[in-house]
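A short worksheet on the structure shown next.
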Amino acid sequence: MANSFRQLQDDFTLIVTIDGPAGAGKSSIAHQVASQLKFEFLDTGALYRAATLAAIRAGVDLSASDQLAEFVSQINLEWRDRIIRLNGEDVSEQIRTPEVTKSIRHLADVPAVRIQLSQIQRDIAAGRDIVTEGRDQGAEVFPDARCKIFLTASPVERAKRRMRQLADSGRYLSIEDVLSAQNQRDLEDRMRDVGRLRAAEDAVVINTDGLKPEEVLEEIVNLVRSRME
Ligand code: DC
């Protein structure tokens, strides 16, 4: 009964997955696609970040994968109106620190953690028209999503975009430093056993090099509209 109700919901709602490497511009595009289509938006990285913040705060040994999985099963993560809450507290700002960013891989590499966070993502999306953004959305979390996008760009383009973002928040780094951190992160994202960064076989791959953000937005919105028919 519950399963057939879920099937019915899924038949009438539309999940749009947007995956891709860091710096391909997926975050701002995913936001805009959701706003333009009046869909919900899910930033799955925020869940990984909030779980990491919780583990750091609790002093959990980040190298002990079994402890991490157990710990994550005890915290409460909520995502509503583009706000991430950890045990009821809005941690949208706190999850963006360099300390959290560099520690995420400890959790993101643990299959039992990924299973739990993937389930939270499916629960959030259930029965909604939603745009989800991450690394593993089309290939692993929502294999039945009706519209899958894989957004990519050349390493240099991505690094330049990242430099501009950092400069906006007053941090000025050389292209060499940004590229080397980006290469390291790409390697980690591509190498993990589960949840690794990859395009789903049925994803539409969009290379954003040389495209204006509004052109990328238009292409994706048109694609989603064509799948809604
Ligand atoms: O999108 P972001 O930069 O906020 O994501 C932070 C990290 O979280 C990213 O380096 C890898 C991990 N992540 C993941 O493993 N799977 C996801 N679906 C989203 C993020």
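Worth saying up front: this structure is predicted, and the values here are computed from it rather than measured. Just so you know, ligand 1 is whichever comes first in the structure, and atom 1 is the first atom listed for that ligand. All residue numbers in this chain count up from 1 along the given sequence.
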Check each heavy atom of Arg105 against ligand 1 and say whether those closer than 4.0 Å belong to the side chain, the backbone, both or neither.
neither

Between Leu47 and ligand 1, find which residue part has any heavy-atom pair under 4.0 Å and reply side chain, backbone, both or neither.
neither

Hey, which atoms in ligand 1 end up nearer than 4.0 Å to a heavy atom of Ala108?
15 (O)

Proximal atoms of ligand 1 relative to Gln137 (non-hydrogen, under 4.0 Å):
18 (N)

If I compare all heavy atoms of [X] with all of [Y], which pair ends up nearest, and what's the gap?
X: Leu14; Y: Val16; result: CD2-CG2, 3.4 Å
X: Leu68; Y: Leu62; result: CD1-O, 3.3 Å
X: Glu133; Y: Thr44; result: O-OG1, 2.6 Å
X: Arg122; Y: Glu140; result: NH2-O, 3.5 Å

So, the side chain of Arg128 versus the backbone of Ile124: is there a donor-acceptor pair under 3.5 Å, distance only?
yes

Of all the non-hydrogen atoms in the protein, which one sits nearest to [atom], and at what distance?
atom: atom 11 (C) of ligand 1; value: Asp189 OD1, 3.8 Å
atom: atom 19 (C) of ligand 1; value: Thr44 OG1, 3.4 Å
atom: atom 12 (C) of ligand 1; value: Ile104 CG2, 3.9 Å
atom: atom 4 (O) of ligand 1; value: Arg49 NE, 2.7 Å
atom: atom 3 (O) of ligand 1; value: Arg185 NH2, 2.7 Å
atom: atom 18 (N) of ligand 1; value: Asp136 OD1, 2.8 Å
atom: atom 20 (C) of ligand 1; value: Gly45 CA, 3.6 Å
atom: atom 9 (C) of ligand 1; value: Arg135 NH2, 3.2 Å

Touching ligand 1 at all, Arg114? Heavy atoms, strictly under 4.0 Å?
yes

Can Glu188 be said to touch ligand 1, with heavy atoms closer than 4.0 Å?
no

[X], [atom1] atom: more than 12 neighbouring heavy atoms under 6.0 Å:
X: Glu218; atom1: CD; result: no
X: Glu93; atom1: CD; result: no
X: Gln74; atom1: CD; result: yes

Do Leu42 and Tyr48 land in one hydrophobic cluster if side-chain heavy atoms of ILVMFWY residues count as linked below 4.5 Å?
yes

